[in-house]
Engineer: 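Here it is, the structure, as structure tokens.
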Amino acid sequence: QVQLVESGGGLVQAGDSLRVSCTVSGGTFSTYTMAWFRQAPGKERDFVAAIKRGVGFPYYQNSVKGRFTISRDNAKNTVYLQMNSLKPEDTAVYYCAARDSNYYSAGPNDYDYWGQGTQVTVSS
């Protein structure tokens, strides 16, 4: 049974940085394309960033390019999302997702496994 567990969320002020992590167990992490999505209250779950398996080429939603960095450590079965210059509009529950494919997708329905989410709140 594949499990994804996020950690590192919290309350920060605008302009601050935060790193969230997601550790995968019960599967073959190195074969997964990993992604982060976020969902604000009353809104749909939106794609934030993804990183392919292998060399780990990253992809980003336009609104986070230059501020967020996705990375992975295959030895630790962990994917990270470093978030800098945070804005109040980044406030959401952040979800980690895994896809058993070398192709990334921005569609949440294309991912096979999900974590429970971690809350990120950015105050103005």
Engineer: Scan side-chain atoms only and decide if S17 and N84 contain a donor-acceptor pair under the 3.5 Å cut-off.
Structural biologist: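 There is such a pair between these side chains.
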Engineer: Could you grab the distance from atom CG of D16 to atom CG of D90, nearest 0.5 Å is fine?
Structural biologist: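 Going from the CG atom of D16 to the CG atom of D90 covers 12.0 Å.
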Engineer: In Å and rounded to the nearest 0.5 Å, what is the CG to OG distance from D73 to S30?
Structural biologist: 12.0 Å
Engineer: Do V120 and L18 come close enough that some side-chain heavy atom pair is under 4.5 Å?
Structural biologist: yes
Engineer: Check whether more than 12 heavy atoms from other residues, nucleotides or ligands sit under 6.0 Å from atom CD of Q116, and answer yes or no.
Structural biologist: yes
Engineer: To the nearest 0.5 Å, what is the distance between CD (E44) and CZ (R38)?
Structural biologist: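 It is 14.0 Å, given to the nearest 0.5 Å.
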Engineer: So if I apply the ring pair (Phe, Tyr, Trp, His ring centres under 6.0 Å) rule between Y59 and each of Y104, W36, F47, which one comes out positive?
Structural biologist: Y104
Engineer: Check whether F29 forms a cation-pi arrangement with R72 (NZ or CZ under 6.0 Å from the six-membered ring centre, at most 45° off the ring normal).
Structural biologist: yes
Engineer: Group every Ile, Leu, Val, Met, Phe, Trp and Tyr by side-chain heavy-atom contacts under 4.5 Å, then state whether V2 and M34 land in the same group.
Structural biologist: yes
Engineer: Do any N or O atoms from the side chain of E6 and from the backbone of T118 form a donor-acceptor pair under 3.5 angstrom?
Structural biologist: no
Engineer: Look up atom CD in Q13 and atom OG in S123, then write down how far apart they are to the nearest 0.5 Å.
Structural biologist: 5.0 Å
Engineer: Quick check against the 3.5 Å criterion: does S105 have a side-chain atom that pairs as donor or acceptor with the backbone of G107?
Structural biologist: yes
Engineer: Give a yes or no on whether the ring-centroid distance for Y111 and Y113 is below 6.0 angstrom.
Structural biologist: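 Distance test on ring centres: not under 6.0 Å, no.
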Engineer: Could you tell me whether the side chains of E89 and T91 share a donor-acceptor contact shorter than 3.5 Å?
Structural biologist: no
Engineer: Kindly work out whether a path of hydrophobic side-chain contacts (I/L/V/M/F/W/Y, heavy atoms less than 4.5 Å apart) joins Y80 to I51.
Structural biologist: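 No, Y80 and I51 fall in different hydrophobic clusters.
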Engineer: Tell me whether the centres of the aromatic rings in Y95 and F37 are closer together than 6.0 Å.
Structural biologist: no
Engineer: For a quick check under 3.5 Å, do S101 and T33 share a side-chain donor-acceptor pair by atom type?
Structural biologist: no
Engineer: Consider only side-chain heavy atoms of I, L, V, M, F, W and Y, link residues closer than 4.5 Å, and tell whether L81 and V12 are in one cluster.
Structural biologist: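 As far as the 4.5 Å side-chain criterion goes, V12 and L81 are connected within one cluster.
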Engineer: With the 4.5 Å side-chain cut-off for hydrophobic clustering, are V20 and Y60 part of the same group?
Structural biologist: yes
Engineer: Do Y32 and W114 share a hydrophobic cluster (ILVMFWY, side-chain heavy atoms under 4.5 Å, transitive)?
Structural biologist: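 No; tracing contacts between hydrophobic side chains, which count when under 4.5 Å, never links both residues.
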